[in-house]
Structures are given as structure tokens and as C-alpha cells.
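All values reported here derive from a predicted model rather than from experimental measurement. Just follow the structure's listing: the first ligand is 1, and inside any ligand the first atom is 1.
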Amino acid sequence: MEPPANVLILGGTAEARELAAVLDADPAVRVISSLAGRVRQPLRPAGEVRIGGFDGPVGLAGWLAEHSITAVVDATHPFAAVISANAVAGCRDAGVALIRLARPGWQPAPGDDWHPVESGAAAARLLPGLGTRIFLSTGSYQLAEFAPLPLWFLLRSIEPPHGPLPERCQLLLSRGPFTLAGERELLREHRIDALVTKNSGGPLTSAKLLAARELRLPVVMISRPVNPDSVEVSDVEAAASAVRAITG
Ligand code: NAP
């Protein structure tokens, strides 16, 4: 019998964990998931797990060769642009197939009042015109651009935030999924005027958008970074098929 093909999943998302479970059940595949190590108690995927960076694309290419990896699935978050670019360069240099698993972005629906922007800095510039009490649900990094604003913020993230924070803010450490009832209550309780989010996509954190629509609140939607070229699939099933097409 052929030895199993080694597949690396660059993870940190629900889709990455789902894919690891699917591939781990396949005896023809040995799956290794890689996590950045940002979250202290990460949800562990099925199969083998390694934690920490690779030291850039050159380090990643070396790691792929050393571990005889046949295919890489970049299933990282749509906003994790550095590791995605590293995956393209590292896989190219190591001659390893790369599949990008990216969940579709959220789309506005009737009743939504979305304000699309390209960056957190652009979101910060827009906020003073939208209200004084802001729900900032963009995670624990890159909050510095909001720090100088004379507004009140509800900050929600899994881990405590890094860097300077707005003077007037309340911190809510919490991990999704979130429900519509819970999000509606949160927006009401804190008398939120506007919400800021990244266009992460997926069902786990989308209830805040439904709650904002119900309450007719503006949503500042930070657009996704553009990813370099790679074979792209949008769901776990398609990613598993693409892996099997490569590993045979
Ligand atoms: P990033 O800015 O794209 O990457 C920064 C560095 O972190 C990379 O250069 C790499 O270090 C390391 N890294 C990132 N993901 C890694 C992984 N899966 N395995 C090993 N090393 C990894 O990443 P980020 O936006 O900080 O996100 C970090 C992780 O959190 C990702 O795995 C992502 O899926 C998850 N996440 C991110 C967000 C978000 O909004 N950005 C939201 C939810 C989950 P080296 O250069 O040393 O290899």
C-alpha cells in the first residue's frame, strides 16, 4: 500500500477545522494543520497540529520540503493576507500544489445601510459622521487607527486587544458563534449607533449584520484584501476534492 500523502492546512478558521476532519478520516492522507499561535486556547483540528510561524516564505518552502508535503490548503481567514502571500511564494519555490479555501464574502441585502471601505483607517475617518457609540468587531489587532477618535467603543475580540485603544471603550472578550437575539440585545443594551466589521463572510459571525439591519444601523464594512493568484475554492467539499485530485 502507498504511504499516505502529506497535506498541510494553513488554518485558524472553522473551514480549516472542518477540512482537517474530512481529510483525517481518509487513510490516503496524513493531515497536518498549522496555527499561528495567536489564540491561547485554540480550537484544535483533527489530525496533527503544529503551532507558530514558518519565518516567511523561504522558511515555509523549507518546511514543506523537509516534511515531504504534497499539497497545501491555505484555509486561513480572508484577512490573513501575509500568510496567504507567503503560501503562494513558498509553494511556488518548493514546487508544491496550493489550494486556497476562501469562504464567500457577505453581500448587502435590502434594508442594509452598508458603507464599504478599503481599510481600518478609512473606517475610522468615516465614523464621526455616523454616530458616537460604535460597536467595533474587527478583532484584537489593528485598532490603533480608532484610538484617537473622541467616540465611545464597544470592542469585541477573542483575545485581549493589542496596541493603543480608544480612551472611552468597553472590552468584551467573546468567541462566536453569535445569535441574532444576542446581537440584537447587545446593540440595544449599549445604544450602538454604528457597527464596524471586516467582510469575513461565513455564518458564525453574521448575526450582527441581521441585527444591524433590523435596527436600521449603519455598518462600516471593511473590504477584503486582494489575494495573489492561486486555485481558489469556496467550500470544504470542493477543497477536499481538489486535494484528492492532487494526492490521487
Ligand atoms: P497574517 O497577518 O496573514 O500573518 C502574519 C504571520 O503570522 C505570517 O507571516 C506567519 O508567520 C504567521 N501565520 C499566520 N497564519 C499562520 C498559520 N496558519 N500557521 C503558521 N503561521 C501563521 O495573519 P493574521 O491576520 O495575524 O492571522 C493569524 C491567524 O489567525 C491566521 O491563521 C488566521 O487564519 C487566523 N485568523 C485571522 C483573522 C483576521 O481577521 N486576520 C480572523 C480570524 C482568524 P511567518 O511569516 O513566521 O510564517
Which ligand 1 atoms are under 4.0 Å away from a heavy-atom of Thr76?
18 (N), 32 (O), 34 (O)
Between atom NZ of Lys208 and atom CZ of Arg156, what is the distance when rounded to the nearest 0.5 Å?
6.0 Å
Single-linkage hydrophobic cluster Ile192~Leu209, side-chain heavy atoms < 4.5 angstrom
yes
Ligand 1 atoms in contact with Lys198 (distance to a heavy atom under 4.0 Å):
39 (C), 40 (O), 41 (N)
Side chains of Ser68 and Asn6, donor plus acceptor under 3.5 Å
no
Work out which heavy atom in Leu60 is nearest to a heavy atom in Ala87; give both atom names and the distance.
CD2-CA, 3.7 Å
Under 4.0 Å from a heavy atom of Ser34: give me the atoms of ligand 1 that qualify, with their elements.
17 (C), 18 (N), 19 (N), 20 (C)
Show me which atoms of ligand 1 lie under 4.0 Å from any heavy atom of Gly12.
34 (O), 35 (C), 44 (C)
Within a reach of under 6.0 Å around CD of Glu189, are more than 12 heavy atoms found that belong to other residues, nucleotides or ligands?
yes
More than 12 foreign heavy atoms under 6.0 Å from CD of Glu237: is that the case here?
no
I need the atoms of ligand 1 closer than 4.0 Å to a non-hydrogen atom of Gly52, numbered in the order shown.
20 (C), 21 (N)
Any nitrogen or oxygen of Thr13, main chain or side chain, under 3.5 Å from a nitrogen or oxygen of ligand 1?
no
Non-hydrogen atoms of Gly59 versus ligand 1: any pair closer than 4.0 Å?
no
Would you say Glu167 has more than 12 foreign heavy atoms packed within less than 6.0 Å of its CD?
no
If you scan protein heavy atoms around atom 48 (O) of ligand 1, the nearest is Phe54 N, 2.6 Å
Which atom names give the shortest non-hydrogen contact between Leu126 and His115, and what distance separates them?
CD2-CB, 3.6 Å
At the 4.0 Å heavy-atom cut-off, does Gly56 count as touching ligand 1?
yes
Go through ligand 1 atom by atom and flag the ones less than 4.0 Å from a non-hydrogen atom of Ala81.
3 (O)
For ligand 1, find out whether one of its N or O atoms is nearer than 3.5 Å to an N or O atom of Asp55.
yes
Closest protein heavy atom (residue, atom, distance) for atom 39 (C) of ligand 1:
His77 ND1, 3.5 Å
Are any side-chain N or O atoms of Arg103 and backbone N or O atoms of Gly201, one a donor and one an acceptor, separated by less than 3.5 Å?
yes
Can you name the closest pair of heavy atoms from Ala212 and Val219 and give their distance?
CB-CG2, 3.7 Å
Checking a contact table here: which protein heavy atom is nearest atom 17 (C) of ligand 1, and how many Å away?
Ala36 N, 3.6 Å
A student checking ligand 1 against Gly53 at a 4.0 Å heavy-atom cut-off should list atoms 11 (O), 21 (N), 45 (P), 47 (O), 48 (O)
I want to confirm something. Looking only at heavy atoms, which of Ala80, Ala75, Pro225, Ser33 is nearest to atom 24 (P) of ligand 1?
Ala80
Looking only at heavy atoms of Asn86, does any of them come nearer than 4.0 Å to an atom of ligand 1?
yes
Supply the atom-to-atom distance Leu172 CG to Phe153 CZ, rounded to the nearest 0.5 angstrom.
15.5 Å
Could you tell me whether Ser84 and ligand 1 have an N or O pair separated by under 3.5 Å?
no
At a 4.0 Å threshold, what atoms of ligand 1 neighbour a non-hydrogen atom of Gly11?
18 (N), 31 (C), 32 (O), 33 (C), 34 (O)
Give the residue, atom name and distance (to 0.1 Å) of the protein heavy atom nearest atom 1 (P) of ligand 1.
Val82 CB, 3.8 Å
Using a 6.0 Å cut-off, check whether atom CD of Gln41 has over 12 heavy atoms from anything other than its own residue.
no
Take atom CD in Glu145; do more than 12 heavy atoms of anything else shown fall under 6.0 Å from it?
yes
For atom 11 (O) of ligand 1, is the nearest protein heavy atom closer than 4.0 Å?
yes
Which residue and atom name correspond to the protein heavy atom nearest atom 6 (C) of ligand 1, and how close is it?
Arg38 NH2, 3.7 Å
